[in-house]
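Just below is one structure, and these are the notes that go with it.
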Protein chains: 2
Amino acid sequence: MQDKITRLFKAIADPTRRDIFHALVIATSALSITQISNQFEMTRQGITKHIKTLEEAGLVYIKSEGRERFCNANPKELQEVNKWLKFYEQFWDDKLGSLGDYLNNKV
Amino acid sequence: MQDKITRLFKAIADPTRRDIFHALVIATSALSITQISNQFEMTRQGITKHIKTLEEAGLVYIKSEGRERFCNANPKELQEVNKWLKFYEQFWDDKLGSLGDYLNNKV
DNA sequence: TTAATACGCAACTTTTTGGTTGCATAAATA
DNA sequence: TATTTATGCAACCAAAAAGTTGCGTATTAA
């Protein structure tokens with residue numbers, strides 16, 4: 001498909017997936033597919049697709065128990081986004097000054 | 001179309017757009033559409049589309065001079081992504097402990 | 001003034017994405 | 001055992017995204 005960071009960015013680029021992820025993060029226990037689906041006005045199959053995308057991005061992991069599949073959020077994966085951001089953080093305030101620092105570090 | 005943060009996430013979810021943005025950030029001066037296009041194996045019109053997406057996300061702004069359009073990066077806009085991340089940062093290390101803090105602050 | 005350059009816009013194609021319905025199956029319950 | 005429940009998978013559909021070609025136009029250079 002595509003590289004890891006792109007998968008991650010695409011996963012969080014969808015509002016529904018951000019909502020699902022958020023629900024899982026603040027949940028006090030793992031939620032089954034059906035439990036998640038009940039919180040959204042969308043078919044279970046639609047939700048399943050989104051969860052698969054989140055899983056492939058590493059943002060969600062799943063533990064099967066009997067006929068149920070319990071989903072957990074893995075917020076740690078967002079550290080990758082943070083890493084990506086870090087580089088640009090130096091350019092937030094004064095672009096030219098920070099660019100100088102960046103170039104100096106490169107030498 | 002869609003909300004601001006979704007536009008922003010979608011803009012950076014595309015590898016080519018991240019590359020364009022990166023090129024603009026590290027450029028020592030504003031780059032024209034043609035100058036940017038020359039750095040990519042894609043038609044100028046294709047690049048123009050991507051730049052428009054970046055512009056609508058607030059990541060790039062454009063200054064017209066004669067027949068040329070000079071593009072600048074606006075990395076500051078990424079602070080919005082950073083804000084979004086901040087909330088989840090508390091869940092990175094120990095999920096349950098941080099959740100407790102979150103819930104307590106909510107009361 | 002003529003020619004080249006830098007660009008926007010519109011139309012079109014292909015691929016991806018977001019969502020659906022329908023059906024099969026394994027596990028739990030009556 | 002019969003039935004309900006939880007789910008996956010495949011097929012399908014519509015809309016959005018990614019990219020192209022072609023053309024018109026304004027600005028600059030010869």
Side-chain angles (χ1 to χ4, degrees), chain A residues 1-24 27 29-73, chain B residues 1-24 27 29-73:
Chain A
M1 192 203 184
Q2 50 209 352
D3 62 291
K4 192 177 158 82
I5 192 75
T6 300
R7 261 200 305 271
L8 188 50
F9 277 130
K10 289 208 170 181
I12 59 176
D14 182 88
T16 304
R17 282 194 292 266
R18 285 201 304 279
D19 287 348
I20 294 173
F21 178 70
H22 190 266
L24 289 175
S29 65
L31 300 178
S32 73
I33 303 283
T34 306
Q35 284 175 326
I36 297 168
S37 304
N38 290 339
Q39 298 186 33
F40 293 87
E41 289 187 349
M42 190 185 292
T43 59
R44 175 185 53 83
Q45 288 90 336
I47 295 293
T48 297
K49 274 197 177 184
H50 282 307
I51 289 173
K52 192 174 183 183
T53 303
L54 287 166
E55 195 190 8
E56 283 167 357
L59 287 167
V60 161
Y61 57 94
I62 302 176
K63 181 178 48 169
S64 291
E65 263 178 50
R67 65 181 164 180
E68 286 171 293
R69 303 221 307 145
F70 290 100
C71 305
N72 281 283
Chain B
M1 192 204 185
Q2 50 210 352
D3 61 292
K4 193 178 158 82
I5 192 74
T6 300
R7 260 201 304 272
L8 188 51
F9 277 131
K10 289 210 170 179
I12 59 176
D14 183 271
T16 305
R17 281 194 292 265
R18 285 201 304 279
D19 287 347
I20 293 173
F21 178 70
H22 190 266
L24 289 176
S29 64
L31 300 177
S32 73
I33 303 283
T34 306
Q35 284 175 326
I36 297 168
S37 303
N38 290 340
Q39 298 186 33
F40 294 86
E41 289 187 350
M42 191 184 294
T43 60
R44 175 184 54 83
Q45 288 88 337
I47 295 292
T48 297
K49 276 197 178 184
H50 281 307
I51 289 173
K52 193 173 184 184
T53 303
L54 288 165
E55 196 190 7
E56 283 168 355
L59 288 166
V60 161
Y61 57 95
I62 302 177
K63 181 178 48 171
S64 290
E65 265 179 46
R67 63 181 166 182
E68 287 172 291
R69 303 219 309 145
F70 290 100
C71 305
N72 280 283

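Excluded from the calculations below are hydrogen atoms, water molecules and symmetry mates; all remaining heavy atoms, backbone and side chain alike, are included. Chain identifiers are assigned alphabetically (A, B, ...) following the order of the sequence lines, protein sequences preceding nucleic acid strands; residue numbering begins at 1 within each chain.
Heavy atoms of B:Gly66 sit under 4.0 angstrom from primed sugar atoms or phosphate atoms, though from no base atom.
Remark: side-chain polar atoms of A:Glu55 are not paired, donor with acceptor, to backbone N or O of A:Lys52 under 3.5 angstrom. Not one N or O on the side chain of B:Arg17 forms a donor-acceptor pair closer than 3.5 Å with the backbone of B:His50. Of the possible polar contacts, one joining the A:Arg7 side chain to the A:Gln2 backbone as a donor-acceptor pair under 3.5 Å is found.
With distances taken from any side-chain atom of A:Glu68 to the nucleotides C:dC7, C:dA4, D:dT7, the minimum falls on D:dT7. For A:Gln45, counting side-chain heavy atoms from C-beta on, the closest listed nucleotide (D:dT20, C:dT21, D:dA29) is C:dT21. Closest to the B:Ser32 side chain, of the nucleotides C:dG19, C:dC7, D:dG8, is C:dC7. Picking from D:dT7, C:dC7, D:dA18 the nucleotide with the shortest atom distance to the side chain of B:Arg44 gives C:dC7. Closest contact between the side chain of B:Lys49 and the listed nucleotides C:dA11, D:dG8, C:dA6 involves C:dA11. Among the nucleotides D:dA18, D:dT20, D:dA6, the one closest to any side-chain atom of A:Arg67 is D:dA6.
Summarising the geometry, the separation between CD1 on A:Ile47 and P on C:dT17 is reported as 18 Å, rounded to the nearest angstrom. In this entry the distance linking NZ of A:Lys52 with P of D:dC9 reads 6 Å, nearest Å. Atom CD of B:Glu65 is separated from atom P of C:dC7 by 11 Å (rounded to the nearest Å). A:Phe70 places its CZ atom 7 Å from the P atom of D:dT7, with the value rounded to the nearest Å. Atom NE2 in A:His50 sits roughly 12 Å away from atom P in C:dT17 (whole-Å rounding). One can place NZ of A:Lys10 at 11 Å from P of D:dA17, the figure rounded to the nearest angstrom. Going from atom CD1 of B:Ile20 over to atom P of D:dA18 covers 11 Å, rounded to whole Å. Regarding B:Leu31, its CG atom lies at a distance of 16 Å from the C1' atom of C:dC7, rounded to whole Å.
In the model, B:Thr16 has no side-chain atom that pairs as donor or acceptor with a side-chain atom of B:Asp19 under 3.5 Å. Side chain to side chain, A:Arg18 and B:Thr6 meet the donor-acceptor criterion of an N or O pair below 3.5 Å.
If you find the closest nucleotide of DNA chain C to A:Gln2 and to A:Gly46, the one lying nearer the 5' end belongs to A:Gln2.
In terms of heavy atoms, A:Leu59 sits closest to A:Phe21 at O-CE1, 3.4 Å. The shortest heavy-atom contact between B:Ala57 and B:Leu8 is O-CD1, 3.8 Å. Here the closest heavy-atom approach between residue B:Ala23 and residue B:Leu31 is recorded as O-CD1, 4.4 Å.
Within residues 33-41 of chain B, the residues having any heavy atom closer than 4.0 Å to DNA chain C are, in order of number, B:Ile33, B:Thr34.
An OP1 or OP2 oxygen of D:dT20 is reached within less than 4.0 angstrom by a side-chain nitrogen or oxygen of B:Thr43. At least one side-chain nitrogen or oxygen of A:Thr48 sits closer than 4.0 Å to the OP1 or OP2 atom of D:dG8. Residue B:Arg69 places at least one side-chain N or O closer than 4.0 Å to OP1 or OP2 of C:dG8.
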